**Q** 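Pasting in a structure now, in structure tokens, and then I'll have a few things to ask.
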Amino acid sequence: MAAYAFITMSTSAIDLPKQFEHGPAQERWTAHWLAKNYFHAEPDQNRQPFTIVIPPPNVTGALHLGHALNNTLQDILIRTKRMQGYNALWMPGADHAGIATQAVVEKRLLEEEKTTRHQLGREKLVDRIWQWKETYEKRILQQLQQMGCSCDWNRTRFTLDAVCARAVRHTFFRMFKDRLIYRGKRLVNWDTFLQTAVSDDEVFHETVKGHFWHIRYPIIDPQPGEPEFVSVATTRPETMLGDTAVAVHPDPAAALDRAERELQEKLAGAPQKERADIQKQLDDLAERRQTVLPQLIKLRDMANAGRKVMLPLMQRPISLVADEWAKPELGSGCVKITPAHDPNDYEVGKRRSLPMINILNPDGTLNENAGAYKGLTIKKARVQVVTDLESQGLLERVEDREIEIAHSDRSKTPIEPYLADQWFVKMRDLDDAETAGGSANASVGNALRGVPEAPIGVATPTSPTERHRGRSLQSSGLAQMAMDAVIDGRVQVHPPRYAKSYLDWLGEKRDWPVSRQLWWGHRIPVWRLSDEGASAAESITGIQQQVRALRDKYPEEVSIQSFSSLREAGPSGRQSIMVGDSVCLRGEISSAQAELEALGFVQDPDVLDTWFSSALWPHSTLGWPGPALPSDDSDNESPDWEKLRYFYPTSVLVTSRDIITLWVARMVLTGLYNVGDVPFRQVYIHPKILDAYGETMSKSKGNGIDPLDVIAKFGADALRFGLAHMATETQDVRMPVEFECPHCQKTIEQTQKNRVLPRIKCPQCGQDFSTQWASKPEDTALPRAAVISERFEVARNFCNKLWNASRFVLMNLEGYEPAPVDRRELAVEDRWMLSRLATVTGQVTESLDGYHFADAARALYDFAWDEFCSFYVEMVKTRLSDTESRPVAQHVLAYSLDTLLRLLHPIVPFLTEEVWHLLAEYAPERGLNKLAAPAESIIIAPWPPADATFQNAEIEARFAKFQALLGGLREVRARQNIAPKTAIHFAVRCDSDTVKLLQPMEAYFAAMAGATATAWGTQVQSPALSANFTAAGCEVFVDLAEHIDVAAEIARNEKEVEKLQAHLAAKEKKLANESFTSRAPADVVAREREQLQELRDRLASTAAALADLRKRI
RNA sequence: GGGCGGUUAGUUCAGCGGCUAGAACAGUGCCCUUACAAGGCAAAGGUCGGGGGUUCGAUUCCCUCACCGCCCACCA
């Protein structure tokens, strides 16, 4: 294979570089893997599938470190399962990310070309966004590849591509037909500067000093004893122009009682410092009963009698209504109702059938509904309204108050709540009047709807429950259906605590607003009669008949909903009833569409919420809704159903917690609704990466890390290992961020101050470099600093350690002759290594199965570094230079490295693949009992089994003792400052069992600590001048006749005695405690006793040594 | 306002009822011991955020306070 002919048999392993060159390795193996098509998966009835769909990254920009974590973990799972023999499929793709992407492109447009989308027009803007998408999608896919992600690239999807579009249209159509989609009003965050709606998360709040205005509305024709005014309060007086009612509570006395009860309860459980405050509120409440309540009761009666008040300035009579929204315990107890500009008021308006008057133009000026104030901006209108009210004596008082004002993150201008028509997906039960006549026999929730029978051997998703599910949707709605899947365990969440946020959120069963006032996205497939169409028509009913005829002609393609109950208000404030048919079309190319448009219907200009298409991702990417309709496409041999049936439900979803509600819940919901089964069996929520200050990383803060910078400096393997190493079960992980000076490569800690600067002077070399903020030519001309984190250094060093250990093995495989190994030939360190290898294999396998990535990474790190490198490789060195014992050493060494590489491969793919191929050249056949040629790539090498027959507790115990003694000897050497080359001699006083265990290891003491044993056993005496220590039940005397620093030994022994005494005292106290000895478990007490004895022995021997040393001074 | 997490060595994290609370990095001392100085060996560094409780025993479980963070809701 030419791809790895970079080293030939004639080249010696000694020529391999001393440091792992990650760059070339990454390039080489990425190309190789792609050429070999290892990542491609096709349905295969003989193998179990393991499927992951990628959380599609937004095409708004390049991937950041959070994505790197997310995708690394997915790749670790996929690679592990692939090695374990599963037919592993990882579906890649990207998300169009509606608002976010349109916003970036629009911003660019404005900055670079001073053009707005209105000037450009819909089609051209969408073209521009597609161009952007092409660039960034490509970049994202490259980034994933550079990280080593083993996605099935042939199946790459984009949420706006034709496959996904069909799934969206089919879903929307079904929901529309099932009356799960309806049209309603909703307040949107209107950015008057950009003239667009922005999402909630693009809104930031700023606390500013504002006012609370109390305004009087005159009562019309007040009767004797009735109040002349009703007083209301607002922070936004100009909205009064759109008021259509004033509300008072329908039972103010009861409401006050309830408020009082609540306060009493709160008082009972409140901490001392809050009590005074609550008591004050209670006092206020009592006073209110005297002063406000009688008024409110009167007003309530007036409201019930249909009395009205006069809206000042507009001179418009508006209703006095009784509604629970008005809280008698607050303000005057009455509240103005502006249904078109406040969400709560909108609800009241709906309940009380109030007119809704929109007083705003899209540009934020007042429209004709504002009468004399038309044309003014909100700001000016506010001033004018207040002035006018004051001059009419209707301004009761003005309070200062801090108010929070919503601002658009994009234009930094204040947001206006703006009432707009929106489409919603219904989350609650379907049993209400609106849907009763809908599609009673809609086949909602059938398992794999319309999918042909599955071939034998493939599990049909959940047939026993399908009828039940059909009913459960009918009776309890989409949200409940998705909740049930988690409650009954069809979907399992790891860590389990996150199931709570999922259930809490769905439990609210809020309807899902799915329309967005944007141009980038799936256009809503609904057509309505245009104004032109309506005025050109001879009669509306005539058109309605024609539309119904169209539906009868294409019953599968056309669905109609009538909204005769929709009320909209004209400029006068009078209600008018508008009859509007909304027609939903299923197919993207349909003759029904042409016929409908000929009738004067136009498509809804809005697009669907991004999450609508993301919600379908697991099944849409796997081919749902199946082969295209014959009329659409001639390709009836499409294997789509097979794919869906085989790979769906997917195995696990790996994502971060902030989209559990927005995305995870909705995928479950649509999966159940469309396919009849959950989209994934497991959900793994990984931690979020924060910077050193505990803040979320983001480009807008300047603390974001580009994985490519990390890859360039440390390598993809180090990136991956570092990320896996920190994927613990905690909610967040912190990562200090640094600039790397492009001149001197020194790192500069990133602070909240310097991270926003366009240029920084390197404190090391004094030269300037630029950052992501550079925009001026003099800044951009400077070299840019990479933004990285030192936390990847550990991982990079680990990779290098692995590389060098591999080099060592390769260098010592000269003359390797494949042969099976007789267990009797194994040296003690071989048996130890094989035992440890089996144990670690079990640990790593188990950790990965339970999504404990950090545990797996740590186990491998410790094992590879401390046991394989520091002990096994060191110990095997002697045998390698001995012709007789060399072959077995080589066999076990090759076998061990082989196993270690496989265990590491999912986390560290490039390095392991590189070594795998090198190893294949030196040891083309390996194994202990049975020899076999290694797999042609480690990607498809079988996952190692945890072979319990190699596990050997006796050997592991022997090693523990050996390591303890070795450590003690090294410590003496360090303390006494004895040069490594100078040999030392030691004697060990211990029992005969220990002698048997340790005496055979004499050669290793010599090799690894330059220490020669002179005597073993119970009778061993201390040499005249010695350093001593106790370890593993042995007393060790190091003969220091030639070179002793007596003072150092005395100091050390004194300290040791002190420590032992303190420890001993604590232990004695514990054992003297009768309740401990009688109540604690017997084994715990026994262990304590043993330890006590051991401590006494150690103290005795240390004290003796100390006394001995003192005599020498 | 509701919910969920966190607070352990200078830093980043493990440990989650009982061995003298561990690791890595940084800092310290010694060593270029031919796989690796991105290395080796070793020492030092911690009243486990504060206070209460449960228990023979608490870093670990419960309550509470403080601080930090995240999510959701609301703010006439």
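Naming: A, B, ... by sequence-line order, numbering from 1 per chain. Treat the numbers as computed from the prediction; the structure is a model and nothing was measured.
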**Q** Of the listed nucleotides (B/G18, B/C36, B/C75), which one gets closest to any side-chain atom of A/N804?
**A** B/C36

**Q** So what does A/L690 hit on the nucleic acid, given a heavy-atom distance under 4.0 Å: a base, only sugar-phosphate, or nothing?
**A** sugar-phosphate

**Q** Expressed as a whole number of Å, how far does the P atom of B/C67 sit from that of B/U20?
**A** 37 Å

**Q** If you check every side-chain atom of A/Q19, which of B/A38, B/U12, B/A24 has the closest atom?
**A** B/A38

**Q** Within the 4.0 Å heavy-atom criterion, would you say A/R858 contacts the bases, only the backbone, or no part of the nucleic acid?
**A** sugar-phosphate

**Q** Please give the distance between the P atoms of B/G45 and B/A9 as a whole number of Å.
**A** 14 Å

**Q** Between A/F721 and A/F792, does the ring centroid distance fall short of 6.0 Å?
**A** no

**Q** Given B/G5, B/U12, B/C70, identify the nucleotide with an atom nearest to the side chain of A/R734.
**A** B/U12

**Q** A/F863 vs A/F868 aromatic rings, parallel, tilted or perpendicular, using cut-offs 30° and 60°?
**A** tilted

**Q** If the P atom of B/G15 is compared with that of B/G6, how far apart are they to the nearest Å?
**A** 11 Å

**Q** Looking at A/R236 and A/E238, does any basic side-chain N land under 4.0 Å from a carboxylate oxygen?
**A** yes

**Q** Examine B/G5: is either OP1 or OP2 under 4.0 Å from a nitrogen or oxygen in the side chain of A/K500? Give yes or no.
**A** no

**Q** If I pick the C1' atom on B/A73 and the same atom on B/C4, what distance separates them, to the nearest angstrom?
**A** 15 Å

**Q** State the pairing partner of B/A43; accept Watson-Crick or G-U wobble contacts with both distances under 3.5 Å, and report none otherwise.
**A** none

**Q** Report which part of the nucleic acid A/T338 touches: base, sugar-phosphate, or nothing (heavy-atom distance under 4.0 Å, all strands).
**A** nothing

**Q** Within the 4.0 Å heavy-atom criterion, would you say A/E874 contacts the bases, only the backbone, or no part of the nucleic acid?
**A** base

**Q** Could you tell me whether A/R973 contacts a base, only the sugar-phosphate backbone, or nothing, with contacts defined as non-hydrogen atoms closer than 4.0 Å?
**A** nothing

**Q** In terms of the nearest nucleotide of RNA chain B, which residue is placed more toward the 5' end: A/C869 or A/N800?
**A** A/C869

**Q** Does B/A24 have OP1 or OP2 sitting under 4.0 Å from an N or O in the side chain of A/N797?
**A** no

**Q** State whether A/E1049 and A/R975 are salt-bridged, where the test is any N-O pair (Lys NZ or Arg NE/NH1/NH2 against Asp/Glu carboxylate O) under 4.0 Å.
**A** yes

**Q** Charged N to carboxylate O under 4.0 angstrom, A/R352 versus A/E324?
**A** yes

**Q** What does A/R796 touch in the nucleic acid at a heavy-atom separation under 4.0 angstrom: a base, only the sugar-phosphate, or nothing?
**A** base

**Q** In whole Å, what separates the C1' atom of B/C19 from that of B/U11?
**A** 28 Å

**Q** Distance check, P atoms only: B/C75 and B/G17, in whole angstrom units.
**A** 44 Å

**Q** Is there a donor on the side chain of A/R1098 or the base of B/U20 sitting less than 3.5 Å from an acceptor on the other?
**A** yes

**Q** Choosing from B/A38, B/A35, B/C25, which nucleotide comes nearest the side chain of A/V794?
**A** B/C25

**Q** Just compare B/A35, B/U11, B/C70 and give me whichever is closest to any side-chain atom of A/P736.
**A** B/U11

**Q** Is there any protein nitrogen or oxygen under 3.5 Å from a nitrogen or oxygen in nucleotides 41-45 of chain B, and what are the pairs?
**A**
{"unit_1": "B/A43", "atom_1": "OP1", "unit_2": "A/E971", "atom_2": "OE1", "d": "3.2"}
{"unit_1": "B/A44", "atom_1": "OP1", "unit_2": "A/K1055", "atom_2": "NZ", "d": "3.4"}

**Q** Give a yes or no on whether a salt bridge exists between A/E790 and A/R796, defined as a side-chain N under 4.0 angstrom from a carboxylate O.
**A** no

**Q** At their closest point, which heavy atom of A/L65 faces which heavy atom of A/M735, and how far apart are they?
**A** CD2-SD, 3.3 Å

**Q** Just compare B/C19, B/C4, B/A76 and give me whichever is closest to any side-chain atom of A/D342.
**A** B/A76

**Q** Any strand counts, and the cut-off is 3.5 Å on both contacts for Watson-Crick or G-U wobble. Which nucleotide pairs with B/C61?
**A** B/G53

**Q** Using atom C1' in both nucleotides, what's the gap between B/A43 and B/C48 to the nearest angstrom?
**A** 23 Å

**Q** Would you indicate what A/S501 reaches in the nucleic acid, counting non-hydrogen atoms under 4.0 angstrom: base, sugar-phosphate, or nothing?
**A** nothing

**Q** Report which part of the nucleic acid A/V232 touches: base, sugar-phosphate, or nothing (heavy-atom distance under 4.0 Å, all strands).
**A** nothing

**Q** Which is true for A/C799 with a 4.0 Å heavy-atom rule: it touches a base, it touches only sugar-phosphate, or it touches nothing?
**A** nothing

**Q** Is any side-chain N of the basic residue among A/E1068 and A/R1096 closer than 4.0 Å to the acidic one's carboxylate O?
**A** yes

**Q** Over all strands shown, is A/K1069 touching base, sugar-phosphate only, or nothing at heavy-atom distances under 4.0 angstrom?
**A** nothing

**Q** Within the sub-3.5 Å range, which N or O atoms of nucleotides 55-64 of chain B have a protein N or O partner, and how far apart are they?
**A**
{"unit_1": "B/C56", "atom_1": "OP1", "unit_2": "A/R1079", "atom_2": "NE", "d": "3.4"}
{"unit_1": "B/C56", "atom_1": "OP1", "unit_2": "A/R1079", "atom_2": "NH1", "d": "2.1"}
{"unit_1": "B/C56", "atom_1": "O4'", "unit_2": "A/S1075", "atom_2": "O", "d": "3.4"}
{"unit_1": "B/C56", "atom_1": "O2'", "unit_2": "A/N1073", "atom_2": "ND2", "d": "3.3"}

**Q** Taking a pair as Watson-Crick or G-U wobble with both distances under 3.5 Å, which nucleotide is matched to B/A66?
**A** B/U7

**Q** If pairing requires Watson-Crick or G-U wobble contacts with both distances under 3.5 Å, which nucleotide is the partner of B/C19?
**A** none

**Q** With a cut-off of less than 4.0 Å, is there a side-chain N or O of A/T235 near OP1 or OP2 of B/C75?
**A** no

**Q** State the pairing partner of B/A38; accept Watson-Crick or G-U wobble contacts with both distances under 3.5 Å, and report none otherwise.
**A** none

**Q** Figure out the CG/P separation between A/N344 and B/A73, and round it to whole Å.
**A** 14 Å

**Q** Taking side chain to side chain contact (heavy atoms under 4.5 Å, CB included) as the test, write out the residues that go with A/S656, two or more places apart.
**A** A/D658, A/H686

**Q** Looking at every non-hydrogen atom in both residues, tell me the closest pair between A/A889 and A/L880 and how far apart they are.
**A** CB-CD2, 4.0 Å

**Q** May I ask you to decide whether A/D243 forms a salt bridge with A/K336, counting only side-chain N to carboxylate O separations under 4.0 Å?
**A** yes

**Q** Using the ring of each side chain (for Trp, its six-membered ring), is A/Y861 parallel, tilted or perpendicular to A/H725, with breaks at 30° and 60°?
**A** tilted

**Q** Applying side chain to side chain donor-acceptor pair (under 3.5 Å) to A/R216 and A/S231, what does each step give before you reach the verdict?
**A** CA-CA 4 Å; A/R216 288 177 170 158; A/S231 166; over 6 Å; no

**Q** When you check the phosphate oxygens OP1 and OP2 of B/G40, does a side-chain N or O of A/K801 lie under 4.0 Å from one of them?
**A** yes

**Q** Counting any heavy atom closer than 4.0 Å, what does A/V1084 reach on the DNA or RNA strands: base, sugar-phosphate only, or nothing?
**A** base

**Q** In whole angstroms, how far is the P atom of B/A14 from the CG atom of A/D862?
**A** 15 Å

**Q** Pick the C1' atom in B/C61 and in B/U55, then give their distance to the nearest Å.
**A** 10 Å

**Q** Quick one: label A/A233 by what it contacts on the DNA or RNA (base, sugar-phosphate, nothing), any heavy atom closer than 4.0 Å.
**A** sugar-phosphate

